[in-house]
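Working notes, beginning with the structure itself.
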Amino acid sequence: MITKHFRLQALILCLIVFCAIPFLQGCGGGVKTPEEYLSNMKEFSTPDKTASIYLNQEWSEEDLQMDCWLGAGSKKGDKAVVLMQFPKTGANQLADSMNAVTELVETSYQISGKTDTEAPSIPDMSGITASTCKMSAGGVTGDAYLVYGETDYAYYALSYIADKMSDGDIASFKASCSKFHEEAPEVEDNFASEMTDTIRWFNASYAILTDLNNWDYNLFGGLPANDDSAAIVQQLLPEWWDVTDRASADETMEWILSEGHRTGFVEDAQTLESFGVTAETATDDIVSMLISDYGLDEEDAKSYAKAYGMYAEFGPDAISGWDYCRAMNLLGYYYTAGYYSEQEALDKSLEVAQTMQPLFESWDGLIDSYLRGYEYWADGDSEERRTLYEELKTRDDNPYAIDFKMGLEKTW
């Protein structure tokens, strides 16, 4: 899974809008309707015009030096709003999850005294939460009403800041939020083939990792095929696979299909059998033997014993799903990165899929093998991925709704 390196210095700039001038007392006033608040507002937009919100028409915009962020405040400097947009993909991607956005915002702005409160209604936004809190930066602290939410295009953090927050301030901001509008840019996608069931089968084989990356398992490779996606995957491949070009891509694919981790897994099991271990040997006895007779430490001994248990129960193909699913994933990466053409990646995916499909009876069987391989490789448990697999099967766009035993054929 990709880990994002956030540009914190850029984020700090958003506090310019309410750090430059000390806060004054927020106004109170009688109870107003949303329409009354909106009657004194106008539309303010991010510099790139991808998001907008209505705010007091006498407020002034502030340059936050981020095209997808909006900052505006009153002339007195006693109130301000900051809208932070975090696109989910592309060159402007600063965060890969809502949790990452929350951690980033609340660490950068020294959020304290956070109390959950009623969230506003925001058009076309889901997962909306709200809280009152204190926000601090540059030695200045103010009351804040902080809202998080997401759309298909981006994650959002919206905050209203005042010296002393009043109910009227929050009501006004809720009215503002009701006029939120997103104009997501059209994303270029150069993938030309029709998304047939065969290609969806390919995508399902590595949907767990695609979703962990917060990518889209309905797309071949998980991302729209364009220059931004190519740059993302070209950065990912050297870190995780030591793949930097077509030659190293071919070499890695050849290794995973001819050897992979399953070869070492079988060799380890056969070595233990040469030591006299059988399927009937208790795990504790294997561990004790490896420690006392062969000098392994307890952690390594337990790891070998666990792997042998997989081999004894499921045979030589116990973790083959791990290698084949990752090979399918790599082919999507290779296409997105520009190392393989669309035709090459799909043709090779079909070849690998037709090799792996007969080894298993169902998606459950394949994914069980994949998860055993993950445990062997990571020397840990696979609970997070197994939980995600079960959750994926409940979604409206369940990638595993495709018949595992379908006839895989060239459709491109």
Side-chain angles (χ1 to χ4, degrees), residues 193-211 217-222 241 249-270 273 279 307-335 340 342-377 382 385-386 388-390 392-393 397-412:
S193 299
E194 180 185 353
M195 189 54 60
T196 61
D197 283 353
T198 294
I199 298 176
R200 291 189 183 280
W201 196 101
F202 298 167
N203 293 355
S205 68
Y206 54 93
I208 292 173
L209 184 58
T210 302
D211 199 71
Y217 47 73
N218 294 300
L219 299 175
F220 182 66
W241 288 97
D250 286 343
E251 183 180 353
T252 299
M253 183 57 57
E254 172 62 25
W255 170 80
I256 202 169
L257 292 178
S258 62
E259 298 181 37
H261 289 118
R262 64 193 182 281
T263 299
F265 170 82
V266 172
E267 289 174 350
D268 288 345
Q270 292 175 343
E273 289 182 337
Y308 184 79
M310 296 177 188
Y311 176 84
E313 184 173 358
F314 300 103
D317 282 319
I319 70 165
S320 293
W322 166 250
D323 285 329
Y324 288 121
C325 286
R326 297 218 297 168
M328 298 290 284
N329 188 196
L330 272 176
L331 289 165
Y333 284 170
Y334 289 176
Y335 164 66
Y340 281 20
E342 180 177 322
Q343 183 81 22
E344 287 174 318
L346 290 172
D347 284 351
K348 191 66 175 179
S349 294
L350 180 59
E351 177 186 322
V352 176
Q354 290 174 335
T355 298
M356 66 194 285
Q357 187 187 44
L359 299 176
F360 307 98
E361 294 300 319
S362 64
W363 286 116
D364 284 352
L366 172 63
I367 299 304
D368 282 346
S369 179
Y370 166 81
L371 294 175
R372 286 192 294 270
Y374 174 79
E375 292 178 2
Y376 174 75
W377 171 75
S382 59
R385 294 181 183 221
R386 180 170 295 282
L388 177 56
Y389 170 61
E390 296 299 334
L392 287 172
K393 292 191 292 183
D397 63 348
N398 169 20
Y400 303 104
I402 298 293
D403 180 10
F404 182 79
K405 287 297 187 179
M406 68 168 285
L408 297 170
E409 57 185 6
K410 185 168 181 173
T411 58
W412 48 89

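One is the number of the first residue; the rest follow in order along the sequence.
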- Query: Okay, side chain of Ser382, backbone of Glu375: is any donor-acceptor separation there less than 3.5 Å?
  - Reply: no
- Item | Glu273-Tyr308 side chain donor-acceptor pair, cut-off 3.5 Å | yes
- Message: Tell me whether Arg262 forms a cation-pi arrangement with Tyr324, defined as NZ or CZ under 6.0 Å from the six-membered ring centre and within 45 degrees of its axis.
- Response: yes
- Under 30°, 30 to 60°, or over 60°: which ring-plane class applies to Trp255 and His261, parallel, tilted or perpendicular? perpendicular
- Should the heavy atoms of other residues, nucleotides or ligands under 6.0 Å from CD of Glu390 be counted, would the total exceed 12? yes
- Message: With a 3.5 Å distance limit and no angle check, can you tell me whether Gln357 reaches the backbone of Met406 through a side-chain donor-acceptor pair?
- Response: yes
- Query: Could you give all pairs that pass the salt bridge (Lys or Arg N to Asp or Glu O under 4.0 Å) test and reach residues 348-363, with sequence neighbours left out?
  - Reply: Lys348-Glu351
- Query: Does Ile256 offer a backbone N or O that forms a donor-acceptor pair with the side chain of Asp323 under 3.5 Å?
  - Reply: no
- Query: Where does the angle between the aromatic ring planes of Tyr335 and Phe220 fall among parallel (under 30°), tilted (30 to 60°) and perpendicular (over 60°)?
  - Reply: tilted
- Query: Is the side chain of Tyr389 donor-acceptor paired with the backbone N or O of Ile208 at a distance under 3.5 Å, no angle test?
  - Reply: no
- Item | Side chain proximity check, Asp397 to Tyr217, heavy atoms < 4.5 angstrom | yes
- Item | Close side-chain approach of Met328 and Asn203, heavy atoms under 4.5 Å | no
- Query: Relative to the ring of Trp201, is the ring of Phe404 parallel (under 30°), tilted (30 to 60°) or perpendicular (over 60°)?
  - Reply: tilted
- State whether the side chain of Ser369 and the backbone N or O of Gly321 hold a donor-acceptor pair below 3.5 Å, judged by distance alone. yes
- Query: Are Asp250 and Tyr334 linked by a side-chain donor-acceptor pair shorter than 3.5 Å?
  - Reply: no
- Message: With a 3.5 Å distance limit and no angle check, can you tell me whether Trp363 reaches the backbone of Ile402 through a side-chain donor-acceptor pair?
- Response: yes
